> 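Shown below is the structure under consideration.
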Amino acid sequence: MASTAGKVIKCKAAVAWEAGKPLVIEEVEVAPPQAMEVRIKILFTSLCHTDVYFWEAKGQNPVFPRIFGHEAGGIVESVGEGVTELAPGDHVLPVFTGECKECSHCKSAESNMCDLLRINTDRGVMIGDGQSRFSINGKPIFHFVGTSTFSEYTVIHEGCVAKINPAAPLDKVCVLSCGISTGLGATINVAKPPKGSTVAIFGLGAVGLAAAEGARLAGASRIIGVDLNSDRFEPARKFGCTEFVNPKEHTKPVQQVLAEMTNGGVDRSVECTGNINAMIQAFECVHDGWGVAVLVGVPNKDAEFKTHPMNFLNERTLKGTFFGNYKPRTDLPSVVEKYMSGELELDKFITHSVPFSEINTAFDLMLKGESLRCIIRMDE
Ligand code: NAD
Ligand code: ZN
């Protein structure tokens with residue numbers, strides 16, 4: 001055990017004091033991990049849209065002061081009572097949703113929606129005792145989705161921590177904590193395109209590009225990127241996209257445009273926009289008889305999915321997925337191995353990198369739509 005085990009650690013963390021205001025690097029106290037928890041030294045973290053949504057807190061419950069961050073790579077510093085699968089020194093990826101390995105979801109081969117540790121964006125405290133492990137002068141600072149990785153040290157439930165190959169570069173594989181695995185798994189685990197098939201990807205942000213990367217790995221022969229923003233097209237070629245459609249440039253519905261391009265419809269589609277119209281289009285553009293559409297985007301709360309039931313009777317399938325159907329602890333280590341073997345490419349998702357002291361720059365880049373992933377180097 002490290003000499004810091006069992007003691008409070010003082011370290012730097014980026015605290016969001018108020019919605020939408022720049023984060024402030026503060027000295028925080030991080031309490032030791034309690035039962036079933038681990039304390040992790042974060043080496044690299046990256047910024048995902050979800051951090052930005054909850055920091056802006058426009059449609060969400062404001063929970064402040066809070067430490068955001070949920071995509072990261074780090075090393076276990078110490079473990080609490082009852083932790084059996086992790087030890088100090090282990091290289092890990094924290095995950096915003098967990099795997100308790102005990103509930104009916106964890107025991108089902110089909111689900112990754114753990115009853116105990118499923119994402120909860122309103123909770124700002126640990127699940128064990130309802131307390132925060134972060135404080136400044138005795139005043140608690142709230143957690144975010146059980147991970148709070150914008151801190152040099154953080155405390156996380158054992159069930160939300162994937163132990164990975166220690167040879168994997170944490171400054172690269174940290175992006176597998178959330179968005180990239182979500183898009184990748186949506187294609188590989190859920191859409192499952194047969195080799196040589198045609199796949200449409202709606203939305204070419206980081207998640208959609210990861211879905212395209214999944215289609216490339218699966219051996220799809222045509223990958224059609226659909227986006228309202230044509231600036232996204234050229235860069236998407238690196239992720240396997242072979243053709244592009246901008247719905248704004250057509251008078252016909254995009255479903256019809258895709259049907260004409262593909263002799264009746266695409267074999268698979270993956271929606272990564274969060275826009276309800278794109279969700280409906282992604283379903284209606286798949287081929288009758290065998291087409292499968294997968295929804296990934298998070299819609300706004302009043303959205304309703306409307307389509308004619310004949311579209312189902314004609315043997316089209318509609319599915320949705322959470323975190324690409326990956327079980328965080330069981331499956332993420334093998335995704336890391338796909339990167340280690342050179343099969344999965346991650347470097348192309350990493351467009352920027354900043355020291356921890358410049359974390360607000362990462363927010364600016366994402367808000368301007370300039371970055372896919374910006375890595376934040378915690379030791380600088
Ligand atoms: P992003 O904003 O970077 O990219 C979205 C893209 O969709 C943009 O390029 C935009 O131009 C395009 N778009 C928007 N409306 C469109 C439409 N009607 N037709 C075609 N293209 C359209 O977002 P991102 O970070 O890549 O995330 C994508 C979605 O995935 C978000 O809704 C996010 O909340 C969701 N997400 C879901 C999960 C999950 O587990 N299901 C996990 C992470 C993220
Ligand atoms: Zn569970």
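Both ligands and their constituent atoms are indexed starting at 1 by order of listing. All values below were derived from every heavy atom in this structure, side-chain atoms included, with hydrogens, water molecules and symmetry-related copies excluded. These numbers come from a predicted model, not from an experiment.
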> Quick one: does Ala206 get a heavy atom under 4.0 Å from ligand 1?
yes
> Between Val298 and ligand 1, find which residue part has any heavy-atom pair under 4.0 Å and reply side chain, backbone, both or neither.
both
> Numbering the atoms of ligand 1 from 1, which are under 4.0 Å from a heavy atom of Asn275?
15 (N), 18 (N)
> Below the 3.5 angstrom mark, is there an N/O of Thr50, backbone or side chain, next to an N/O of ligand 1?
no
> Under 4.0 angstrom from ligand 1, any heavy atom of Phe322?
yes
> Could you check atom 27 (O) of ligand 1 against the protein and tell me its nearest heavy-atom contact, residue, atom and distance included?
Val207 CG2, 3.5 Å
> Give the residue, atom name and distance (to 0.1 Å) of the protein heavy atom nearest atom 38 (C) of ligand 1.
Thr182 CG2, 3.5 Å
> Does any donor atom in the side chain of Glu71 or Ser177 lie under 3.5 Å from an acceptor atom in the other side chain?
no
> First locate atom CE of Met261, then atom CD of Gln256, and finally report the distance between them rounded to the nearest 0.5 Å.
13.5 Å
> To 10 degrees, how wide is the angle SG (Cys106) to the Zn ion (ligand 2) to SG (Cys103)?
100°
> At what distance, to the nearest 0.5 angstrom, does CD1 of Ile359 lie from NZ of Lys12?
11.5 Å
> Please identify which atoms of ligand 1 are closer than 4.0 Å to at least one heavy atom of Ala278.
17 (C), 18 (N), 19 (N)
> At what distance is the nearest protein heavy atom to atom 9 (O) of ligand 1, and which residue and atom is it?
Asp227 OD2, 2.6 Å
> Testing the 3.5 Å rule here: is there a donor-acceptor pair between the side chains of Thr4 and Glu77?
yes
> What residue and atom, counting heavy atoms only, is the protein's closest point to atom 3 (O) of ligand 1, and at what distance?
His49 CE1, 3.1 Å
> Can you see whether Glu284 engages Thr307 through a side-chain donor-acceptor pair at a distance of less than 3.5 angstrom?
yes
> Has the side chain of Arg39 got a donor or acceptor atom that lies under 3.5 Å from a matching backbone atom of Ile156?
no
> Using a 4.0 Å cutoff against the non-hydrogen atoms of Gly297, which atoms of ligand 1 qualify?
29 (C), 30 (O), 32 (O), 35 (C)
> In the protein, which heavy atom is nearest to atom 7 (O) of ligand 1, and how far is it?
Gly203 CA, 3.4 Å
> Would one find an N or O of Phe323, backbone or side chain, under 3.5 Å from an N or O of ligand 1?
yes
> Tell me whether ligand 1 is touched by Cys272 - counting only heavy atoms on the residue side and a distance under 4.0 Å.
yes
> Could you check whether any side-chain N or O of Asn112 sits under 3.5 Å from a backbone N or O of Tyr326, counting only pairs where one atom can act as donor and the other as acceptor?
yes
> Mark yes or no for whether Trp55, through its side chain, and Leu23, through its backbone, hold a donor-acceptor pair below 3.5 Å.
no
> Please report which non-hydrogen protein atom sits nearest to atom 36 (N) of ligand 1, along with the residue it belongs to and the distance in Å to one decimal place.
Val296 O, 4.0 Å
> Please check this pair: side chain of His308 against backbone of Met310, looking for a donor-acceptor N/O pair closer than 3.5 Å.
yes
> N/O/S atom of His105 under 2.8 Å from the Zn ion (ligand 2), yes or no?
no
> How long is the gap from CZ on Phe356 to CD1 on Ile25, to the nearest 0.5 Å?
4.0 Å
> Could you tell me whether Lys172 sits above the aromatic face of Tyr339, with NZ or CZ closer than 6.0 angstrom to the six-membered ring centre and within 45 degrees of the axis?
no
> Strictly by modelled atom types, are Thr273 and Glu271 linked by a side-chain donor-acceptor pair under 3.5 Å?
yes
> Short N/O distance, under 3.5 Å, between Arg232 and ligand 1?
yes
> Give the atom numbers and elements of ligand 1 that come within less than 4.0 Å of a heavy atom of Gly274.
32 (O)
> Can you tell me which residue and heavy atom of the protein come closest to atom 14 (C) of ligand 1, and the distance to 0.1 Å?
Thr273 CB, 3.9 Å
> In the protein, what heavy atom is nearest to atom 4 (O) of ligand 1, and what distance, to one decimal place, separates them?
Gly205 CA, 3.4 Å
> Do Ser148 side-chain atoms and Phe68 backbone N/O form a donor-acceptor pair below 3.5 Å?
no
> Measure the distances from the heavy atoms of Thr321 to every atom of ligand 1 and state whether one is below 4.0 angstrom.
yes
